[in-house]
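Here the structure comes first, spelled out in structure tokens, and everything after it is commentary.
In this chain, numbering begins with 1 at the start of the sequence shown. Atoms within each ligand, like the ligands themselves, are counted from 1 in listed order.
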Amino acid sequence: MRINTLIGEENIKSRVKELADEIQKDSNGEEVVLIAILKGSVFFATELAKQMSSPVIMDFIKVSSYSGTQSTGKISFKLDLSENVENKNVIIVEDIVDTGRTLTYLKDYILINKHPKSLKICTLLDKKERREFELNPDYVGFDIPDKFVIGYGLDYDEKYRNLPYIGYIEQ
Ligand code: 5GP
């Protein structure tokens, strides 16, 4: 098994900085709540937060929809937010949008139950050609082809999250 690089470390770093600048500009320096979806987007969310100088609150939510490399098609809720985000500018931070199922579910859940002032989506990676749900992230780091990717938070059976770059497995 070989791991090929799809997006290198330096490339990710500079794109994350650009996204952080864009988010700050759009929120006029107001406080934002970054909601990282456990576990995959923690690496991206913390790097994004570190590049922002306006006030940032971090929170976490956990759902699961994947096992191995195939989507199970079901979403189960594992951990709810710990912060009250009512009337706050909320950004859901995701590692990758694939079919769009997870974020469609989470977006509705937060809008209906948590009443934020605004709700946006920021994803590091977007696999647009796999989309099954109509979902357009507000901020996208990179559009990528339909490959199963690992690294920078993304796992294959819980391994490879700690790779500092995005790669794909060649069998
Ligand atoms: P969606 O609900 O959009 O179909 O899938 C989103 C979730 O599926 C992501 O948060 C991620 O956990 C998982 N996923 C989708 N594509 C990939 C991939 O290429 N690699 C890995 N490691 N996970 C993926």
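Within ligand 1, the atoms closer than 4.0 Å to a non-hydrogen atom of T102 are 1 (P), 2 (O), 5 (O), 6 (C), numbered from 1 in the order shown. Counting atoms of ligand 1 from 1 in the listed order, those under 4.0 Å from a heavy atom of D155 are 21 (C), 22 (N).
Side-chain atoms of V32 and M52, non-hydrogen and from C-beta on, do get closer than 4.5 Å to each other. K88 is listed as a side-chain neighbour of I57, based on a closest heavy-atom distance under 4.5 Å. Two residues are said to be in side-chain contact when any heavy atoms from C-beta on lie closer than 4.5 Å; N113 and D80 fail this criterion.
Between G100 and ligand 1 there is a heavy-atom distance shorter than 4.0 Å. Assignment of K147 to the shell around ligand 1 is supported, since a heavy atom sits closer than 4.0 Å. The closest approach between any non-hydrogen atom of F148 and ligand 1 is below 4.0 Å. Residue contacts with ligand 1 include K127, since one or more of its heavy atoms lies under 4.0 Å from the ligand. Put simply, part of D95 is less than 4.0 Å from ligand 1, judged by heavy atoms.
For Y156, no nitrogen or oxygen atom sits less than 3.5 Å from a nitrogen or oxygen atom of ligand 1, counting backbone and side chain alike. The shortest N or O to N or O distance between V149 and ligand 1 is under 3.5 Å.
With respect to the salt-bridge test (charged N to carboxylate O, under 4.0 angstrom), the residues K17 and D21 qualify. Taking a cutoff of 4.0 Å between a charged side-chain nitrogen and a carboxylate oxygen, K50 and E47 qualify as a salt bridge.
Contact annotation: for E94 versus ligand 1, heavy atoms closer than 4.0 Å belong to the side chain alone. Using a 4.0 Å cut-off between heavy atoms, R130 makes no contact with ligand 1 at all.
Taking only non-hydrogen atoms, the option from I169, L38, D98, T99 nearest to atom 15 (C) of ligand 1 is D98.
Among residue pairs with one or both ends in residues 77-102, those qualifying as ring-ring contact (aromatic ring centres under 6.0 Å, His included) are F77-Y109; sequence neighbours excluded.
With sequence neighbours excluded, no residue forms a salt bridge (charged side-chain N to carboxylate O under 4.0 Å, His left out) with D138.
For the pair D59 (side chain) and S82 (backbone), a donor-acceptor distance under 3.5 Å is present.
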